[in-house]
J.: 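Handing you this structure, nothing more for now.
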Amino acid sequence: MNIFVAKLSYNTSEDQVRSAFESFGQVDSVKIITDKFDGRSKGYGFVEMPNDAEGLAAIEDLNDSEMDGRQIVVKKARPREDNNRRGGGGGGGGYNRRY
DNA sequence: AGTGAGCGC
């Protein structure tokens with residue numbers, strides 16, 4: 001389960017997000033996105049959880065919750081550009097496409 | 001730099 005976390009405090013680190021999600025289930029990895037030029041946090045990141053059920057539970061609970069004194073946004077992450085994946089859409093998922 | 005919509009290498 002790929003999870004997208006946004007509106008993080010610029011002081012928030014991966015370990016803080018890791019700990020928060022570990023409270024709801026096993027966390028595979030956490031990635032905070034930082035600017036490539038300045039190297040400063042962009043204020044959002046990604047969390048990977050091996051258990052989809054725990055991931056959904058974490059999203060429902062951690063979304064719009066408080067972390068490091070700031071409200072955060074937690075959603076399902078969009079799949080990265082995958083032009084190697086067979087078409088046919090099958091399967092699982094169901095991400096809400098804007099537009 | 002000192003902010004806050006948004007999707008990573």
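Excluded from the calculations below are hydrogen atoms, water molecules and symmetry mates; all remaining heavy atoms, backbone and side chain alike, are included.
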J.: Taking the side chain from A:Asp28 and the backbone from A:Glu48, do they hold a donor-acceptor pair closer than 3.5 Å?
T.: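 Not a single qualifying donor-acceptor pair exists.
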J.: With a 4.0 Å limit, can you tell me whether A:Lys7 has a side-chain N or O closer than that to the phosphate oxygens OP1/OP2 of B:dA5?
T.: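 For B:dA5, OP1/OP2 do have a side-chain N/O of A:Lys7 under 4.0 Å.
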J.: Using the closest heavy atom to pick a nucleotide of DNA chain B for each, name whichever of A:Lys36 or A:Val73 lands nearer the 5' end.
T.: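 Nearest nucleotide further toward 5': that of A:Val73.
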J.: Over all strands shown, is A:Gln71 touching base, sugar-phosphate only, or nothing at heavy-atom distances under 4.0 angstrom?
T.: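 Since no nucleic acid heavy atom lies under 4.0 Å of A:Gln71, the category is nothing.
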J.: Does A:Glu66 use its side chain to pair, donor to acceptor, with the backbone of A:Gln71 at less than 3.5 Å?
T.: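 Pair absent, no side-chain N/O of A:Glu66 close to backbone of A:Gln71.
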J.: Taking A:Glu14 for the side chain and A:Ile32 for the main chain, is one N or O donor matched with an acceptor at less than 3.5 Å?
T.: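 Checked: pair present.
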J.: So which nucleotide from B:dC7, B:dG4, B:dG8 ends up closest to the side chain of A:Arg70?
T.: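 Minimum distance to the A:Arg70 side chain belongs to B:dG4.
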J.: Please tabulate, one pair per line, each protein N/O and nucleotide N/O from nucleotides 1-3 of chain B that are separated by under 3.5 Å, including the distance.
T.:
residue : atom : partner : partner atom : Å
B:dT3   : N3   : A:Tyr10 : OH           : 3.1

J.: Tell me if B:dG4 is syn or anti. Syn = glycosidic torsion within 90° of 0, anti otherwise.
T.: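 What B:dG4 shows is an anti base, its glycosidic angle lying more than 90° from 0.
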J.: Specify the separation, in whole Å, of atom CG of A:Leu8 and atom C1' of B:dG8.
T.: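 Between C1' of B:dG8 and CG of A:Leu8: 13 Å.
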J.: Can you name the closest pair of heavy atoms from A:Asp38 and A:Asp35 and give their distance?
T.: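 Result for this residue pair: N-OD2, 2.6 Å.
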J.: With a cutoff of under 4.5 Å between side-chain heavy atoms, which Ile, Leu, Val, Met, Phe, Trp and Tyr residues group with A:Phe46?
T.: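 Besides A:Phe46, the hydrophobic cluster comprises A:Phe4, A:Ile33, A:Tyr44, listed by chain and residue number.
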J.: Compare every heavy atom of A:Met67 with every heavy atom of A:Thr12, then report the nearest pair and how far apart it is.
T.: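 Closest pair (atom of A:Thr12, atom of A:Met67, distance): CG2-SD, 3.6 Å.
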J.: Would you kindly give the CE-to-P distance between A:Met67 and B:dG4, to the nearest whole Å?
T.: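 Roughly 21 Å, once rounded to whole Å.
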J.: Give the rounded distance in Å between these two atoms: CG of A:Asp35 and C1' of B:dG4.
T.: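 Roughly 15 Å, once rounded to whole Å.
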J.: A:Glu48 CD to B:dC7 P: how many Å, rounded?
T.: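 Going from A:Glu48 (CD) to B:dC7 (P), I get 18 Å.
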J.: In whole angstroms, how far is the P atom of B:dC7 from the CZ atom of A:Arg78?
T.: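 From A:Arg78 CZ to B:dC7 P: 6 Å.
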J.: Provide, to the nearest angstrom, the distance between the CZ atom belonging to A:Phe4 and the P atom belonging to B:dC7.
T.: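 A:Phe4 atom CZ is separated from B:dC7 atom P by 7 Å.
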J.: What nucleic acid atoms does A:Ser9 come within less than 4.0 Å of, heavy atoms only: base, sugar-phosphate, or nothing?
T.: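 Base, at least one base atom sits under 4.0 Å.
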J.: Return the value, rounded to whole Å, for the distance between atom CD1 of A:Ile32 and atom P of B:dG6.
T.: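 Value for this atom pair: 19 Å.
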J.: What pairs with A:Glu22 under side-chain contact (heavy atoms from CB on, under 4.5 Å), at least two apart in sequence or on another chain?
T.: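 So A:Glu22 forms a side-chain contact (heavy atoms from CB on, under 4.5 Å) with A:Arg18, A:Val27.
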